[in-house]
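Working notes, structure below.
These values consider heavy atoms only, across backbone and side chains, with no hydrogens, waters or symmetry-generated copies. Whatever order the structure lists ligands and atoms in, that order sets their numbers, starting from 1.
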Amino acid sequence: SEEGKASEMVRHTLKRFEDLRRKLLRDAESRSDNSGIVVKRPDFKAASILKASALYLNQEKRVGHVPGIEVGDQFYFRIELCIVGLHRPLQAGIDAIHAKDSEYGIPVAASIVASGGYEDDLDTGETLIYTGQGGNNYKGDRRQQKHQRLEKGNLALANSCRKGLPVRLIRGCNDTGSSPTGKIYSYDGLYKVARFWLDMGLSGYGVYKFQLHRLPGQPPLGSALVQFMGKLKTTPSGREAMILKDISNGAEKLPLCVVNTVDRSPEAPADFRYIASIVYPSTILRPSAPKGCQCKDGCFDPFVCRCIRKNSGELPYTHDGALVELKNVVYECGEQCQCPPSCHTRVSQHGQKHRLEIFKTDRKGWGVRSWDSIPSGSFLCEYMGELISSEDAENLVGDDEYLFDLDCIKGNEARGVKLSLFNEDAGRTCEEASLAINARKLGNVGRFINHSCSPNLFVQCVLYDHHDLRIPHIMLFAMENIRPLKELTYDYAYVVGTVIDADGKVKSKACHCGAKRCRGRLY
Ligand code: SAM
């Protein structure tokens with residue numbers, strides 16, 4: 001469908017923006033480690049590269065819905081709103097369409113960003129009193145210092161009111177959690193301008209007020225969800241329909257609750273034991289620790305740090321812990337290294353940071369989602385279980401629902417990812433891989449993550465406590481910005497027709513991921 005294609009374009013473009021931004025940030029950070037140069041706005045730089053290649057979307061000025069954008073979509077950088085055409089000005093709160101570009105012959109408003117930046121704003125979610133623009137001391141405390149006039153954005157909003165035209169609303173909320181900017185912009189859908197009037201502002205100057213009402217029949221408010229989930233305490237008591245407080249029994253730093261809003265069953269998954277590290281059977285020797293680096297002051301120089309050299313000479317993560325790009329294998333420093341535990345290469349080994357929950361899905365059994373917003377590139381969790389040989393894995397016909405094949409390169413190829421950059425010795429995994437992880441009886445949160453043909457997580461193989469390429473840690477990272485309570489999924493990458501039952505017959509299983517481009521079968 002047209003909307004499906006538009007939505008893919010939006011995701012694809014935002015992913016390009018994020019990929020570029022993180023690379024620019026990483027490069028700037030590694031330069032600043034060496035020379036003290038300050039990192040300057042990689043988001044602006046990434047956006048200007050996209051603009052120069054004419055990759056901005058939806059730049060024609062429009063009232064109403066923007067193709068490919070859903071109510072609830074979240075952004076961390078204001079410039080992302082410009083890139084996807086949701087709100088074009090970078091600073092102004094009102095995106096006005098000039099008379100010459102407007103099909104109504106007069107200026108009208110396309111969208112507004114409500115960031116709570118005005119002293120007079122009043123906001124209940126479904127209705128909002130929005131203060132017009134102008135008259136503020138933008139360079140200082142942003143307070144009113146002149147009367148506002150009915151011109152520019154204010155005039156556009158007034159005209160939208162007179163014509164009964166909808167206006168897109170984006171709310172900017174402060175986020176003290178994972179947002180790289182400290183802000184989250186949520187697209188809250190279409191509002192109508194019910195009325196406007198000139199009022200006396202708190203500073204004693206005239207300000208225009210616009211009363212906005214949310215149009216009915218739209219999905220729930222994304223911004224309200226961010227605020228609501230943010231306020232829930234770390235302890236999950238109070239979570240609706242919770243049937244178990246912590247399925248990890250304290251094995252995770254954060255409790256992992258189980259909720260069921262689908263049926264009345266109080267049964268939580270109980271036919272497995274929760275583990276906090278990979279379990280080695282007696283038949284597979286635990287590989288020895290690798291040679292560590294000597295970087296007592298932290299790792300930044302590829303000529304000094306052997307671990308950075310193993311990552312093609314570049315830090316695999318930005319300083320805020322986002323994976324810069326997918327590699328065949330990422331090497332993190334480890335206990336054998338001289339660098340401190342806070343070293344920028346050590347990310348996934350520190351475990352999950354987001355408040356996750358296990359929830360019952362309609363058609364796929366249990367699944368996993370997060371209370372927190374998850375920025376693109378963030379580490380989510382490891383896929384843990386019992387290590388088994390692939391011969392043993394083959395004998396598990398009929399009980400293989402929790403198996404993970406440990407061949408990184410084959411796995412990435414099956415997911416359609418061809419990696420041009422090879423790590424120093426990652427090529428060897430191809431011939432030698434003969435192991436798998438079975439999370440059927442022993443596992444962690446990773447075993448509950450379902451498959452999607454249009455996933456929001458990806459798999460990155462990581463080594464840190466040993467360098468045995470047959471046994472990489474299977475780490476899941478966010479592929480895009482993920483809003484709270486959105487189901488977390490990755491691509492299982494089964495090759496259809498290769499899963500066999502006990503009689504040697506090809507098995508097939510219908511996929512219920514619900515993606516617009518679902519392949520129809522899991523295997
Ligand atoms: N849903 C599982 C549970 O309740 O424990 C957790 C995931 S488990 C690793 C894999 C199994 O989940 C699959 O074999 C299948 O039964 C189910 N599953 C995962 N993704 C699915 C999808 N997109 N469609 C249908 N079933 C799915």
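- Under a 4.0 Å heavy-atom criterion, T361 is not in contact with ligand 1.
- Proximity of V459 to F404: side-chain heavy atoms (C-beta onward) are separated by under 4.5 Å at one or more points.
- Relative to the ring axis of F77, R21 does not place its NZ or CZ within 45° and under 6.0 Å from the centre.
- Between K364 and ligand 1, a contact under 3.5 Å exists for at least one N or O pair.
- Checked against a 3.5 angstrom limit, the closest N/O atoms of Y402 and ligand 1 fall inside it.
- No donor-acceptor contact under 3.5 angstrom links the side chains of K353 and S378, judged on distance only.
- Within the 4.0 Å heavy-atom cutoff, C511 counts among the residues contacting ligand 1.
- Each of the atoms 7 (C) of ligand 1 lies under 4.0 Å from some heavy atom of I449.
- With no hydrogens or angles considered, a side-chain donor-acceptor pair links R22 and S376 at under 3.5 Å.
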- Take E240 and T261 through the test side-chain hydrogen bond (donor to acceptor under 3.5 Å, both in side chains) and record every step on the way to the result. CA-CA 8 Å; E240 181 205 353; T261 51; over 6 Å; no

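- A side-chain N or O of T318 and one of D320 form a donor-acceptor pair less than 3.5 Å apart.
- In terms of polar-atom proximity, R363 is not counted as a contact of ligand 1, lacking any N or O under 3.5 Å from an N or O of the ligand.
- Side chains of E487 and T361: no donor on one and acceptor on the other come within 3.5 Å.
- For S452, no heavy-atom contact with ligand 1 is shorter than 4.0 Å.
- Close contacts between ligand 1 and K509 involve ligand atoms 15 (C), 16 (O) [criterion: under 4.0 Å to a heavy atom].
- Counting protein heavy atoms only, atom 24 (N) of ligand 1 is closest to H512 N, 2.8 Å.
- Aromatic ring centres of Y185 and Y187: separated by at least 6.0 Å.
- By heavy-atom distance, the residue among G365, C513, C518, A510 lying nearest atom 25 (C) of ligand 1 is A510.
- Counting only heavy atoms of the protein, atom 20 (N) of ligand 1 lies nearest to H451 N, 3.0 Å.
- The nearest heavy-atom contact from the protein to atom 11 (C) of ligand 1 is E401 OE1, 3.9 Å.
- For atom 9 (C) of ligand 1, the closest heavy atom belonging to the protein is R447 O, 3.1 Å.
- Protein heavy atom closest to atom 19 (C) of ligand 1, with residue, atom name and distance, is N450 OD1, 3.0 Å.
- S179 and T181 are linked by a side-chain donor-acceptor pair at a separation below 3.5 angstrom, with hydrogens and angles left out of the test.
- The distance criterion of under 3.5 Å between nitrogen or oxygen atoms is met by W366 with respect to ligand 1.
- Assignment of C453 to the shell around ligand 1 is not supported, since no heavy atom sits closer than 4.0 Å.
- Salt bridge absent: K441 and D399 never bring a charged side-chain N and a carboxylate O closer than 4.0 Å.
- Counting heavy atoms closer than 4.0 Å to ligand 1, residue T489 contributes nothing at all.
- Applying the 6.0 Å contact sphere to CZ of R16 captures no more than 12 heavy atoms from other residues, nucleotides or ligands.
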